[in-house]
2 protein chains.
Amino acid sequence: MSKSYRHGQILRIIRSKSVHTQDELARCLKTIGLATTQVTLSRDVRELGLVKTPEGYREITHEETGPAFRLLAAEFLHDIRAASNLVVLKTAPGHANSVAVALDNEEWKEVVGTIAGDDTILVIAPDEKTAAHLCKRFHKLLEGR
Amino acid sequence: MSKSYRHGQILRIIRSKSVHTQDELARCLKTIGLATTQVTLSRDVRELGLVKTPEGYREITHEETGPAFRLLAAEFLHDIRAASNLVVLKTAPGHANSVAVALDNEEWKEVVGTIAGDDTILVIAPDEKTAAHLCKRFHKLLEGR
DNA sequence: CATTCTGTTGAATAAACATTCACTTATGGA
DNA sequence: TCCATAAGTGAATGTTTATTCAACAGAATG
(Lines give C-alpha, C1' and ligand atoms only; values in the text may rest on other atoms or scores of the structure.)
Protein backbone atom coordinates (compact mmCIF):
# COMPACT_ATOMS: atom_id res chain seq x y z
CA MET A 1 0.00 0.00 0.00
CA SER A 2 2.87 2.35 -0.54
CA LYS A 3 2.34 5.75 -2.00
CA SER A 4 4.58 5.14 -4.96
CA TYR A 5 2.75 1.93 -5.78
CA ARG A 6 -0.50 3.85 -5.72
CA HIS A 7 1.01 6.48 -7.99
CA GLY A 8 1.99 3.80 -10.43
CA GLN A 9 -1.49 2.34 -10.44
CA ILE A 10 -3.00 5.77 -10.99
CA LEU A 11 -0.87 6.29 -14.07
CA ARG A 12 -1.76 2.86 -15.36
CA ILE A 13 -5.45 3.58 -14.92
CA ILE A 14 -5.53 6.98 -16.56
CA ARG A 15 -3.50 5.68 -19.46
CA SER A 16 -5.98 2.93 -20.13
CA LYS A 17 -9.29 4.69 -19.65
CA SER A 18 -10.97 8.04 -19.28
CA VAL A 19 -11.28 9.15 -15.69
CA HIS A 20 -13.16 12.39 -15.19
CA THR A 21 -13.21 12.92 -11.44
CA GLN A 22 -11.10 12.04 -8.45
CA ASP A 23 -13.99 10.12 -6.94
CA GLU A 24 -14.16 8.04 -10.06
CA LEU A 25 -10.45 7.40 -9.76
CA ALA A 26 -10.97 6.31 -6.16
CA ARG A 27 -13.52 3.75 -7.31
CA CYS A 28 -11.12 2.45 -9.94
CA LEU A 29 -8.42 2.01 -7.33
CA LYS A 30 -10.85 0.25 -5.06
CA THR A 31 -11.43 -2.45 -7.68
CA ILE A 32 -7.76 -3.32 -7.46
CA GLY A 33 -7.81 -3.28 -3.70
CA LEU A 34 -6.51 0.19 -3.02
CA ALA A 35 -8.69 2.12 -0.60
CA THR A 36 -8.12 5.84 -0.81
CA THR A 37 -10.00 9.08 -0.44
CA GLN A 38 -10.50 12.04 -2.73
CA VAL A 39 -8.24 14.04 -0.43
CA THR A 40 -5.31 11.77 -1.08
CA LEU A 41 -5.99 11.67 -4.78
CA SER A 42 -6.05 15.44 -4.97
CA ARG A 43 -2.50 15.36 -3.66
CA ASP A 44 -1.53 12.51 -5.95
CA VAL A 45 -2.81 14.34 -8.98
CA ARG A 46 -0.66 17.31 -8.13
CA GLU A 47 2.41 15.24 -7.34
CA LEU A 48 2.11 13.29 -10.56
CA GLY A 49 1.63 16.46 -12.56
CA LEU A 50 -1.70 15.36 -14.01
CA VAL A 51 -4.17 17.77 -15.51
CA LYS A 52 -7.85 17.44 -16.08
CA THR A 53 -8.89 17.65 -19.71
CA PRO A 54 -12.29 17.21 -21.31
CA GLU A 55 -11.08 13.70 -22.13
CA GLY A 56 -10.19 12.94 -18.52
CA TYR A 57 -7.04 13.18 -16.47
CA ARG A 58 -3.79 13.21 -18.38
CA GLU A 59 -0.07 13.45 -17.80
CA ILE A 60 1.23 16.73 -19.05
CA THR A 61 4.51 16.94 -20.87
CA HIS A 62 6.26 18.93 -18.21
CA GLU A 63 7.30 22.06 -20.04
CA GLU A 64 10.96 21.29 -19.69
CA THR A 65 13.24 23.71 -18.03
CA GLY A 66 15.99 24.57 -20.43
CA PRO A 67 19.29 22.79 -19.78
CA ALA A 68 21.28 25.95 -19.12
CA PHE A 69 19.50 27.02 -15.99
CA ARG A 70 18.99 23.46 -14.84
CA LEU A 71 22.69 22.72 -15.04
CA LEU A 72 23.76 25.94 -13.40
CA ALA A 73 21.23 25.49 -10.64
CA ALA A 74 22.35 21.92 -10.00
CA GLU A 75 25.91 23.14 -9.69
CA PHE A 76 25.66 26.46 -7.89
CA LEU A 77 22.26 26.79 -6.24
CA HIS A 78 22.60 26.28 -2.51
CA ASP A 79 19.45 27.56 -0.86
CA ILE A 80 15.93 28.57 -1.74
CA ARG A 81 13.72 30.69 0.44
CA ALA A 82 10.48 32.59 -0.02
CA ALA A 83 9.94 36.01 1.54
CA SER A 84 6.61 37.58 0.82
CA ASN A 85 6.43 37.93 -2.93
CA LEU A 86 10.14 37.34 -3.34
CA VAL A 87 12.22 34.21 -3.60
CA VAL A 88 15.75 34.47 -2.34
CA LEU A 89 18.23 32.15 -3.98
CA LYS A 90 21.65 31.57 -2.48
CA THR A 91 24.42 30.49 -4.82
CA ALA A 92 28.07 29.71 -4.56
CA PRO A 93 30.06 32.92 -4.13
CA GLY A 94 30.44 34.86 -7.33
CA HIS A 95 27.92 32.85 -9.33
CA ALA A 96 24.69 34.67 -8.59
CA ASN A 97 24.84 36.69 -11.78
CA SER A 98 25.28 33.84 -14.21
CA VAL A 99 22.53 31.82 -12.59
CA ALA A 100 20.21 34.83 -12.68
CA VAL A 101 20.91 35.43 -16.35
CA ALA A 102 20.10 31.82 -17.14
CA LEU A 103 16.90 32.10 -15.17
CA ASP A 104 15.93 35.29 -16.96
CA ASN A 105 16.38 33.51 -20.25
CA GLU A 106 13.87 30.88 -19.22
CA GLU A 107 11.18 33.58 -19.31
CA TRP A 108 9.00 31.91 -16.72
CA LYS A 109 5.67 33.64 -16.44
CA GLU A 110 5.91 33.48 -12.65
CA VAL A 111 9.05 35.62 -12.65
CA VAL A 112 8.65 39.36 -12.91
CA GLY A 113 12.38 39.97 -12.74
CA THR A 114 15.61 39.16 -10.93
CA ILE A 115 18.34 41.05 -9.15
CA ALA A 116 21.68 39.37 -8.57
CA GLY A 117 24.40 40.22 -6.07
CA ASP A 118 27.47 38.14 -5.42
CA ASP A 119 25.96 35.02 -3.93
CA THR A 120 22.30 36.04 -3.72
CA ILE A 121 19.54 36.35 -6.28
CA LEU A 122 16.30 38.11 -5.58
CA VAL A 123 13.56 36.65 -7.74
CA ILE A 124 10.54 38.90 -7.88
CA ALA A 125 7.16 37.22 -8.25
CA PRO A 126 3.90 39.05 -8.85
CA ASP A 127 2.51 37.95 -5.50
CA GLU A 128 3.07 35.84 -2.45
CA LYS A 129 1.21 32.83 -3.75
CA THR A 130 3.20 32.74 -6.94
CA ALA A 131 6.41 33.11 -4.95
CA ALA A 132 5.49 30.02 -2.95
CA HIS A 133 4.82 28.14 -6.13
CA LEU A 134 8.14 29.25 -7.59
CA CYS A 135 9.84 28.05 -4.46
CA LYS A 136 8.46 24.57 -4.99
CA ARG A 137 9.41 24.65 -8.62
CA PHE A 138 13.01 25.48 -7.75
CA HIS A 139 13.12 22.71 -5.19
CA LYS A 140 11.73 20.27 -7.69
CA LEU A 141 14.49 21.25 -10.07
CA LEU A 142 17.08 20.15 -7.56
CA GLU A 143 15.54 16.86 -6.61
CA GLY A 144 17.85 13.96 -7.14
CA ARG A 145 20.78 15.96 -8.39
CA MET B 1 -18.04 42.96 -26.54
CA SER B 2 -18.48 39.94 -28.73
CA LYS B 3 -17.78 36.50 -27.45
CA SER B 4 -15.05 35.83 -29.98
CA TYR B 5 -13.30 39.05 -29.03
CA ARG B 6 -13.41 37.97 -25.39
CA HIS B 7 -12.00 34.59 -26.37
CA GLY B 8 -9.13 36.31 -28.11
CA GLN B 9 -8.41 38.44 -25.09
CA ILE B 10 -8.48 35.40 -22.82
CA LEU B 11 -5.86 33.68 -24.94
CA ARG B 12 -3.72 36.79 -24.99
CA ILE B 13 -3.90 37.04 -21.21
CA ILE B 14 -3.06 33.45 -20.40
CA ARG B 15 -0.18 33.50 -22.85
CA SER B 16 1.36 36.49 -21.14
CA LYS B 17 0.87 35.69 -17.48
CA SER B 18 -0.07 32.99 -15.01
CA VAL B 19 -3.75 32.90 -14.26
CA HIS B 20 -4.77 30.37 -11.65
CA THR B 21 -8.51 30.83 -11.26
CA GLN B 22 -11.43 31.91 -13.34
CA ASP B 23 -12.15 34.72 -10.89
CA GLU B 24 -8.63 35.96 -11.42
CA LEU B 25 -9.20 35.82 -15.15
CA ALA B 26 -12.37 37.84 -14.70
CA ARG B 27 -10.39 40.53 -12.92
CA CYS B 28 -7.81 40.61 -15.71
CA LEU B 29 -10.55 41.05 -18.27
CA LYS B 30 -12.06 43.82 -16.23
CA THR B 31 -8.86 45.84 -16.46
CA ILE B 32 -9.28 45.93 -20.22
CA GLY B 33 -12.92 46.82 -19.93
CA LEU B 34 -14.50 43.41 -20.31
CA ALA B 35 -17.04 42.67 -17.58
CA THR B 36 -17.76 38.99 -17.23
CA THR B 37 -18.62 36.43 -14.59
CA GLN B 38 -17.03 33.17 -13.54
CA VAL B 39 -20.00 31.40 -15.12
CA THR B 40 -19.18 32.73 -18.54
CA LEU B 41 -15.49 32.03 -18.13
CA SER B 42 -16.17 28.45 -17.19
CA ARG B 43 -17.82 28.08 -20.57
CA ASP B 44 -15.06 29.98 -22.33
CA VAL B 45 -12.39 27.78 -20.82
CA ARG B 46 -14.14 24.71 -22.12
CA GLU B 47 -14.78 26.21 -25.55
CA LEU B 48 -11.18 27.30 -25.93
CA GLY B 49 -9.91 23.93 -24.81
CA LEU B 50 -7.88 25.32 -21.94
CA VAL B 51 -6.68 23.22 -19.05
CA LYS B 52 -5.63 24.21 -15.59
CA THR B 53 -2.04 23.36 -14.74
CA PRO B 54 0.00 24.16 -11.66
CA GLU B 55 1.46 27.01 -13.72
CA GLY B 56 -1.97 28.40 -14.58
CA TYR B 57 -4.39 27.96 -17.45
CA ARG B 58 -2.90 26.73 -20.68
CA GLU B 59 -3.94 25.83 -24.18
CA ILE B 60 -3.58 22.15 -24.67
CA THR B 61 -2.24 20.82 -27.91
CA HIS B 62 -5.45 19.18 -28.91
CA GLU B 63 -4.39 15.59 -29.27
CA GLU B 64 -4.97 15.65 -32.95
CA THR B 65 -7.36 13.29 -34.50
CA GLY B 66 -5.51 11.38 -37.16
CA PRO B 67 -6.15 12.58 -40.67
CA ALA B 68 -7.63 9.31 -41.87
CA PHE B 69 -10.71 9.38 -39.69
CA ARG B 70 -11.05 13.12 -39.91
CA LEU B 71 -11.10 13.04 -43.68
CA LEU B 72 -13.47 10.12 -43.92
CA ALA B 73 -15.78 11.66 -41.39
CA ALA B 74 -15.81 14.97 -43.24
CA GLU B 75 -16.72 13.16 -46.42
CA PHE B 76 -19.13 10.46 -45.33
CA LEU B 77 -20.45 11.16 -41.86
CA HIS B 78 -24.02 12.39 -42.08
CA ASP B 79 -25.55 12.17 -38.64
CA ILE B 80 -24.53 11.74 -35.03
CA ARG B 81 -26.84 10.67 -32.27
CA ALA B 82 -26.43 9.41 -28.73
CA ALA B 83 -28.59 6.59 -27.37
CA SER B 84 -27.84 5.59 -23.81
CA ASN B 85 -24.23 4.49 -23.79
CA LEU B 86 -24.11 4.22 -27.55
CA VAL B 87 -23.46 6.71 -30.28
CA VAL B 88 -25.11 6.03 -33.58
CA LEU B 89 -23.31 7.37 -36.62
CA LYS B 90 -25.00 7.55 -39.98
CA THR B 91 -22.80 7.50 -43.06
CA ALA B 92 -23.30 7.59 -46.77
CA PRO B 93 -24.58 4.20 -47.96
CA GLY B 94 -21.88 1.57 -48.10
CA HIS B 95 -19.26 3.56 -46.22
CA ALA B 96 -20.00 2.64 -42.63
CA ASN B 97 -17.34 -0.03 -42.52
CA SER B 98 -14.41 2.08 -43.72
CA VAL B 99 -15.31 4.91 -41.39
CA ALA B 100 -15.58 2.49 -38.48
CA VAL B 101 -12.20 0.98 -39.24
CA ALA B 102 -10.60 4.41 -39.30
CA LEU B 103 -12.27 5.23 -36.00
CA ASP B 104 -11.05 1.98 -34.45
CA ASN B 105 -7.52 2.88 -35.47
CA GLU B 106 -7.74 6.12 -33.54
CA GLU B 107 -7.92 4.08 -30.35
CA TRP B 108 -9.87 6.66 -28.44
CA LYS B 109 -10.18 5.76 -24.80
CA GLU B 110 -13.84 6.72 -24.85
CA VAL B 111 -14.60 4.03 -27.44
CA VAL B 112 -15.06 0.49 -26.23
CA GLY B 113 -15.73 -0.80 -29.70
CA THR B 114 -17.68 -0.30 -32.91
CA ILE B 115 -20.09 -2.29 -35.05
CA ALA B 116 -20.66 -1.23 -38.64
CA GLY B 117 -23.55 -2.05 -40.96
CA ASP B 118 -24.09 -0.55 -44.36
CA ASP B 119 -24.75 3.07 -43.50
CA THR B 120 -24.77 2.89 -39.70
CA ILE B 121 -22.05 2.60 -37.10
CA LEU B 122 -22.74 1.72 -33.52
CA VAL B 123 -20.07 3.21 -31.30
CA ILE B 124 -20.05 1.65 -27.87
CA ALA B 125 -19.00 3.85 -24.99
CA PRO B 126 -18.43 2.66 -21.43
CA ASP B 127 -21.33 4.70 -20.11
CA GLU B 128 -23.93 7.28 -20.95
CA LYS B 129 -21.87 10.26 -19.89
CA THR B 130 -18.95 9.23 -22.03
CA ALA B 131 -21.31 8.65 -24.96
CA ALA B 132 -22.55 12.23 -24.62
CA HIS B 133 -19.00 13.45 -24.59
CA LEU B 134 -18.14 11.41 -27.65
CA CYS B 135 -21.13 12.89 -29.38
CA LYS B 136 -19.77 16.37 -28.85
CA ARG B 137 -16.35 15.32 -29.98
CA PHE B 138 -17.74 13.97 -33.24
CA HIS B 139 -19.68 17.15 -33.81
CA LYS B 140 -16.62 19.22 -33.17
CA LEU B 141 -14.79 17.21 -35.76
CA LEU B 142 -17.30 18.27 -38.38
CA GLU B 143 -17.37 21.94 -37.54
CA GLY B 144 -16.50 24.12 -40.49
CA ARG B 145 -15.93 21.30 -42.92
C1' DC C 1 13.24 4.37 26.25
C1' DA C 2 11.22 9.32 25.63
C1' DT C 3 11.32 12.95 22.32
C1' DT C 4 11.35 15.28 18.25
C1' DC C 5 10.96 15.33 13.32
C1' DT C 6 9.19 14.10 8.99
C1' DG C 7 5.96 12.18 6.01
C1' DT C 8 1.36 10.30 5.07
C1' DT C 9 -3.37 10.24 5.65
C1' DG C 10 -8.62 11.35 6.42
C1' DA C 11 -12.48 14.35 8.12
C1' DA C 12 -14.17 18.68 7.81
C1' DT C 13 -14.30 22.57 5.34
C1' DA C 14 -13.17 26.08 1.93
C1' DA C 15 -12.39 27.24 -2.71
C1' DA C 16 -12.96 26.62 -7.44
C1' DC C 17 -15.55 25.16 -11.16
C1' DA C 18 -19.74 23.40 -13.81
C1' DT C 19 -24.64 23.19 -14.64
C1' DT C 20 -29.39 24.53 -14.56
C1' DC C 21 -32.79 27.72 -15.30
C1' DA C 22 -34.71 31.93 -16.60
C1' DC C 23 -34.13 35.91 -19.19
C1' DT C 24 -32.67 38.80 -23.04
C1' DT C 25 -31.52 39.77 -27.63
C1' DA C 26 -31.08 38.87 -32.46
C1' DT C 27 -32.66 36.61 -36.60
C1' DG C 28 -35.53 34.64 -39.88
C1' DG C 29 -39.48 33.09 -41.66
C1' DA C 30 -44.99 32.97 -41.98
C1' DT D 1 -46.00 42.44 -37.47
C1' DC D 2 -45.80 38.30 -34.88
C1' DC D 3 -44.06 34.11 -33.61
C1' DA D 4 -40.44 30.66 -33.32
C1' DT D 5 -35.85 29.58 -32.71
C1' DA D 6 -31.13 30.02 -31.41
C1' DA D 7 -27.24 32.15 -29.05
C1' DG D 8 -25.41 34.33 -25.07
C1' DT D 9 -25.56 35.50 -20.45
C1' DG D 10 -25.91 35.76 -15.01
C1' DA D 11 -27.89 34.17 -10.46
C1' DA D 12 -28.49 30.41 -7.91
C1' DT D 13 -27.06 26.07 -7.04
C1' DG D 14 -24.69 21.56 -7.43
C1' DT D 15 -20.39 19.16 -8.07
C1' DT D 16 -15.57 18.68 -7.88
C1' DT D 17 -11.16 19.79 -6.13
C1' DA D 18 -7.89 21.92 -2.74
C1' DT D 19 -6.60 23.12 1.92
C1' DT D 20 -6.49 22.98 6.83
C1' DC D 21 -6.05 20.62 10.86
C1' DA D 22 -5.38 16.78 13.70
C1' DA D 23 -3.90 12.09 14.17
C1' DC D 24 -0.71 8.64 13.53
C1' DA D 25 3.57 5.91 12.15
C1' DG D 26 8.24 5.35 11.60
C1' DA D 27 13.02 7.19 11.78
C1' DA D 28 16.46 9.80 13.99
C1' DT D 29 18.33 11.77 18.17
C1' DG D 30 19.15 12.77 23.02
Side-chain angles (χ1 to χ4, degrees), chain A residues 1-10 13-14 17-30 33-60 80 82 127-133 135-137 139-140 142-144, chain B residues 1-10 13-14 18-30 33-60 82 127-133 135-137 139-140 142-144:
Chain A
M1 305 291 177
S2 79
K3 178 168 154 180
S4 65
Y5 174 70
R6 188 181 63 239
H7 279 190
Q9 293 305 304
I10 289 170
I13 288 169
I14 66 155
K17 67 188 291 266
S18 286
V19 179
H20 292 271
T21 70
Q22 295 174 3
D23 279 327
E24 187 183 345
L25 184 53
R27 287 192 293 276
C28 292
L29 287 167
K30 195 163 198 176
L34 280 176
T36 56
T37 63
Q38 175 265 321
V39 179
T40 297
L41 295 181
S42 170
R43 286 185 274 248
D44 289 343
V45 164
R46 175 158 41 84
E47 287 162 16
L48 289 168
L50 306 181
V51 298
K52 191 179 180 178
T53 74
E55 280 80 37
Y57 280 98
R58 279 248 267 284
E59 298 158 81
I60 192 135
I80 301 161
D127 54 57
E128 196 156 338
K129 195 169 176 183
T130 306
H133 174 73
C135 220
K136 284 183 209 153
R137 196 167 171 191
H139 274 115
K140 197 157 191 174
L142 301 188
E143 274 169 21
Chain B
M1 306 293 173
S2 78
K3 178 168 155 180
S4 66
Y5 175 69
R6 188 180 63 240
H7 279 190
Q9 293 305 304
I10 290 170
I13 289 168
I14 66 158
S18 286
V19 179
H20 292 271
T21 70
Q22 293 175 2
D23 279 327
E24 188 183 345
L25 185 53
R27 285 192 294 277
C28 292
L29 287 167
K30 195 163 198 176
L34 281 176
T36 55
T37 62
Q38 175 264 321
V39 179
T40 296
L41 294 181
S42 170
R43 286 185 274 247
D44 289 343
V45 163
R46 174 159 41 85
E47 287 162 17
L48 289 168
L50 306 181
V51 299
K52 193 180 178 177
T53 74
E55 280 80 36
Y57 280 98
R58 278 250 268 283
E59 298 159 81
I60 191 135
D127 54 56
E128 194 156 339
K129 196 169 174 182
T130 305
H133 174 73
C135 223
K136 283 182 210 154
R137 196 166 170 190
H139 275 114
K140 196 157 190 173
L142 300 189
E143 274 171 20

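Within every chain, numbering begins at 1; the chains are lettered A, B, ... in the order of the sequence lines, protein sequences first and strands thereafter.
- Distance A/Asp44 CG to D/dT16 P: 19 Å, rounded to the nearest Å.
- For B/Ile10 and D/dG8, the CD1 to C1' distance is 14 Å, given to the nearest whole Å.
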How would you summarise protein contacts on nucleotides 12-24 of chain C per nucleotide, using B for base, S for sugar-phosphate only and - for none, with heavy-atom distances below 4.0 Å? B---SBBBB----
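- Between A/Arg6 and A/Asp44, the shortest heavy-atom distance links the atoms NE-OD2, 2.6 Å.
- Applying the side chain to side chain contact (heavy atoms under 4.5 Å, CB included) test to B/Gln22 and every residue at least two apart in sequence or in another chain returns B/Gln38, B/Leu41, B/Ser42, B/Val45, B/Tyr57.
- Residues that satisfy the side chain to side chain donor-acceptor pair (under 3.5 Å) test with A/Gln9, not counting sequence neighbours, are A/Arg12.
- Distance A/Lys3 NZ to D/dC24 C1': 16 Å, rounded to the nearest Å.
- With sequence neighbours excluded, no residue satisfies salt bridge (Lys or Arg N to Asp or Glu O under 4.0 Å) with B/Glu128.
- For B/Thr53, the side chain to side chain contact (heavy atoms under 4.5 Å, CB included) criterion is met by A/Val51, A/Ile60, B/Val51, B/Glu55, B/Arg58, not counting sequence neighbours.
- The interatomic distance linking A/Arg6 (CZ) with C/dG10 (P) rounds to 7 Å, in whole Å.
- Scored by the side chain to side chain donor-acceptor pair (under 3.5 Å) test, A/Asp127 finds A/Thr130 as partners (sequence neighbours excluded).
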